[in-house]
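Scroll down for the structure; my scribbles are underneath it.
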Amino acid sequence: MARRPLPSILSSRPSFATIVNSRPSLARSRELARTAADSATDVLHPLITITRGMRMQAGWARSWWARTPKDRRGPALLLCAAAIVVVALMPYGPLLALGALLACAGWMGRDRTAPAPTGPSEAESGKLQALYEALVPYLSDPDDPAPLYARDGGWDSAFTEYTFEEGRLARLHLRYPAYFTDGEATARSRVEQLLHAKAGRGREYRFDWNEEENHLTLTALGPLSTGITAQRFVTAPGETVLGFTDSEAVQRTVPVADGDEVRDAPAVVWRTGPRATEPHLLALGRPGTGTTSLLRSIALQALCHGDVVVIDGSGSGEYACLVGRPGVLAVESGLAGTCATLEWAAHETERRLIAVNRARQAGHPAPEDTRRPLWILVDRPTALTQLAHAEGRPDPQLLLDVPLRHGRTANVAVAVADQVDAAEVLTPAVITHTRARVLLGALDPEHARAVLGAPQCTTSAAEVPAGRGYARLGTGPVLRLQVPATPDPYDEETGEADREAVLALLPLVDAPADALEHEPEQEPEQHAPEREPGREPLPQPLIRRTADLER
């Protein structure tokens, strides 16, 4: 016979329908229990507070008894007993003692969590109000019926966001009326100077104007790191790291060693070559601001993929570490040697240009000897210009005309560095074709605008270290810049760590020819060095040393 199931009332297992129907009741029960617990906590809160206070009193009494010396515990107990007897004999003494004990326990057991501050402190409110009142003459109009900035107004309606760090204003977001002439540089500079003075001098501030919504954001910027020294940067051929800037200013970062720490730093990358939009660079600054260090850093990076020609107009020997290195075609400081070197550079640019043109007409790729980049680094050309004028010779800067005009097609890059006071002596070709600009040191906003073609993005700091300035590549934005420290390794004042860092980046000097003559002859098939791709021998440069020409 088939076995029939037991009735549900006789079964010990609940049915699925029972479980499903019981879920709402369970949730309702949990909610009722939670509500009852909250209500009980509210009702019993005084009792909980008094209990916590009595526990604290007991802990205090226990610690007092432990601190009391043993020879004083007997008199202390006797004194407490006498006090209890006196209170017990007083009218309503026990009740008053019990009330005092409960009141003290309630005071000690109270919730001492301080509420989080929701607004600025009194000192911060005073600073914001003073800043608001200082902006009234610049952002108000007597004909405005409801002025945003008024003499009897408050800063709450104008300042929407603010941040203080260590008592100093770090960020401020303010609104200004629509009739303010934010499109005029003069009106904006007045407001920026006022905010710079009121927010605190000695720091750099960035001002972001939102003309569409009539908003202005002031941000205090921290100093850029000066611990990044010369090192091998992770870049592609044709890319040169000029320095490092703020993290929100660029989208590319480069792994660097900053002291003992390895981190990703936002880099200002300058691109050269046939596809570059700004193939030539002009760096200006006052003495000691780091323009020579910038050219030395560019030379160390250029030697990885190209050949370098260095012109040292100052003649101070700052580039002596490059003499005789593989890839360094010449390092000249005299007038005669400079003219011969730049003349060869002009002929080499023309030769490359003709070779590339013929290859394109024939439908062939560019020759190998034109693909290897050629860098012409010129430091202080105006000093050589003055020397040439004194001797009645032509200006050496005129020989840079061909590399500057046709260097992009011929894969020739020119980087010129000079003092900002001598910028008027630079030839029009140098000023016109060097669209990548670097300005180092603390200068007036007028000088910065004349050099960069746009106003500087921040205010000037109180102390500017060497290599600190601004950079602008073509028509891009103006960026803060800190050049990696690349000192002269042969200078006696250079630190040992910086000296080793620069020397490690220099190519090894080839063995002299006399040493090779004494070596035993070997089979060329087995020991012939392989030629690197793109290292076809260039035409013999028309370069002679200054001593040979003067001789």
Side-chain angles (χ1 to χ4, degrees), residues 26-131 154-156 161-172 199-203 220 222-223 225-227 258-263 462-463:
L26 291 176
R28 195 178 308 108
S29 301
R30 292 195 189 96
E31 184 178 357
L32 291 175
R34 190 180 299 109
T35 304
D38 295 341
S39 302
T41 302
D42 295 338
V43 172
L44 300 176
H45 181 70
L47 181 59
I48 294 173
T49 302
I50 293 175
T51 304
R52 188 188 305 120
M54 295 183 68
R55 191 185 311 116
M56 296 176 66
Q57 288 178 348
W60 175 83
R62 188 164 45 252
S63 61
W64 172 80
W65 181 258
R67 292 194 310 267
T68 304
K70 293 183 178 181
D71 56 343
R72 296 184 181 180
R73 292 181 180 179
L77 288 177
L78 182 60
L79 183 62
C80 292
I84 293 174
V85 171
V86 171
V87 171
L89 295 177
M90 290 177 58
Y92 305 103
L95 295 179
L96 294 176
L98 180 61
L101 181 64
L102 293 179
C104 182
W107 177 259
M108 294 182 65
R110 72 188 188 280
D111 189 6
R112 301 184 181 184
T113 304
T118 57
S121 61
E122 183 177 356
E124 294 174 353
S125 299
K127 292 182 180 180
L128 293 176
Q129 185 64 27
L131 184 59
W155 58 268
D156 301 348
E161 296 179 10
Y162 54 88
T163 303
F164 283 88
E165 294 181 358
E166 298 180 356
R168 305 186 69 182
L169 186 63
R171 189 176 185 276
L172 178 65
R201 298 186 182 274
R203 297 184 296 174
S225 176
T226 57
D258 189 356
D260 298 335
E261 177 188 4
V262 178
R263 61 183 181 88
E463 297 181 0

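One distance of note links CG of Leu79 with CD1 of Ile84; it measures 10.0 Å at 0.5 Å rounding. In this structure, CG in Leu102 is found 6.5 Å from CE in Met54, a value given to the nearest 0.5 Å. Taking CG of Leu128 as the reference point, atom CG of Asp156 lies at 9.0 Å (rounded to 0.5 Å). Between the CG atom of Asp258 and the OG1 atom of Thr226 there is a distance of 8.0 Å, given to the nearest 0.5 Å. We find the CG-OG1 distance between Leu172 and Thr163 to be 9.0 Å, quoted to the nearest 0.5 Å. Remark: Glu165 CD to Arg171 CZ distance equals 11.5 Å, nearest 0.5 Å.
When all heavy atoms are compared, the tightest approach of Ser125 to Trp155 is O-NE1, 3.9 Å. Summarising the geometry of Arg203 relative to Ala220, their closest heavy-atom pair is NH1-CB, 3.8 Å, with the distance given to 0.1 Å. Residues Val87 and Ala97 share a closest heavy-atom pair of CG1-CB, 3.7 Å.
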Going through the checks in order, is the side-chain contact (heavy atoms from CB on, under 4.5 Å) test met by Thr51 and Arg55?
CA-CA 6 Å; Thr51 304; Arg55 191 185 311 116; 4.2 Å; yes

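Counting only heavy atoms from C-beta outward, the side chains of Glu261 and Ser225 never approach each other to under 4.5 Å.
The aromatic rings of Trp64 and Trp60 lie parallel to each other, with less than 30° between the two planes, well short of the 60° mark.
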